[in-house]
Amino acid sequence: MKLAFIFLYLIFSLHVESNVEKCHKNMVAIQNNLTLSRSILKVHCVSKDDDLGDHFLRFQDVAYNFSFHDSLLITRFKCILWKGANLEYHQNFTAYQGGAYLKCGKFNSWEARDDGIYFSRNREPMKLMYIWDKY
Ligand SMILES: *[C@@H]1O[C@H](CO)[C@@H](O)[C@H](O)[C@H]1NC(C)=O
Ligand SMILES: *[C@@H]1O[C@H](CO)[C@@H](O)[C@H](O)[C@H]1NC(C)=O
Ligand SMILES: *[C@@H]1O[C@H](CO)[C@@H](O)[C@H](O)[C@H]1NC(C)=O
């Protein structure tokens, strides 16, 4: 009886561990590709639990990225991007939206271009999602 219990426990914990291993973190990457203006890109992302602070990216700097596991409550990261000599252009959008089930290994890539903010999910081609608002 006791042995069977230990055996079941082992099977269970192995199963849980291998599932955790298989669930790769989700990632959001943000890139400055402001080809014409070569403006600084300011980025600020927040979720319910985390404030990731201000980040400043120069033209074609390596992407700013962050990764995370979905939480049981729906995970959502909202970001604001600013560009322009006086950061007078901005846009505010949801950079990652979790669902009712926990997602693994999702890759949301955002790229700031002169005409707007482009998006690619899981390395698909970039699509224009938002244009810049001026203050
Ligand atoms: C940068 O943006 C230009 C369009 O403005 C686009 O043609 C080019 O593919 C982009 N480069 C990268 C590395 O995404
Ligand atoms: C994410 O950031 C790390 C460190 O800043 C960098 O080494 C890595 O290449 C980045 N990955 C992507 C996909 O941008
Ligand atoms: C971002 O957008 C949301 C709703 O779309 C709004 O409530 C919030 O004030 C905006 N934040 C900024 C800094 O623009």
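Just so you know, ligand 1 is whichever comes first in the structure, and atom 1 is the first atom listed for that ligand. Heads up: numbering here begins at 1 and tracks the sequence.
- Ligand 1 has a nitrogen or oxygen under 3.5 angstrom from a nitrogen or oxygen of Asn33.
- Residue, atom and distance of the protein heavy atom nearest to atom 9 (O) of ligand 1 are Arg113 NH2, 4.2 Å.
- For Asp115 and Tyr118, the side-chain atoms include at least one donor-acceptor pair closer than 3.5 Å.
- What sits closest to atom 5 (O) of ligand 1 on the protein, heavy atoms only, is Thr35 OG1, 3.8 Å.
- A ring pair (Phe, Tyr, Trp, His ring centres under 6.0 Å) with Phe77 is found for one member of Phe66, Phe93, Trp110 and no other, namely Phe66.
- Leu102 shares a hydrophobic cluster with Leu72; the chain of contacts runs through ILVMFWY side chains whose heavy atoms sit under 4.5 Å apart.
- Within a 6.0 Å sphere centred on OH of Tyr89, other residues, nucleotides and ligands contribute 12 heavy atoms or fewer.
- Looking only at atom types and distance, the side chain of His90 has no donor-acceptor partner in the side chain of Asp133 under 3.5 Å away.
- Protein heavy atoms all stay at least 4.0 Å away from atom 7 (O) of ligand 1.
- With a 4.0 Å cut-off on non-hydrogen atoms, Glu111 touches ligand 1 through its side chain and not its backbone.
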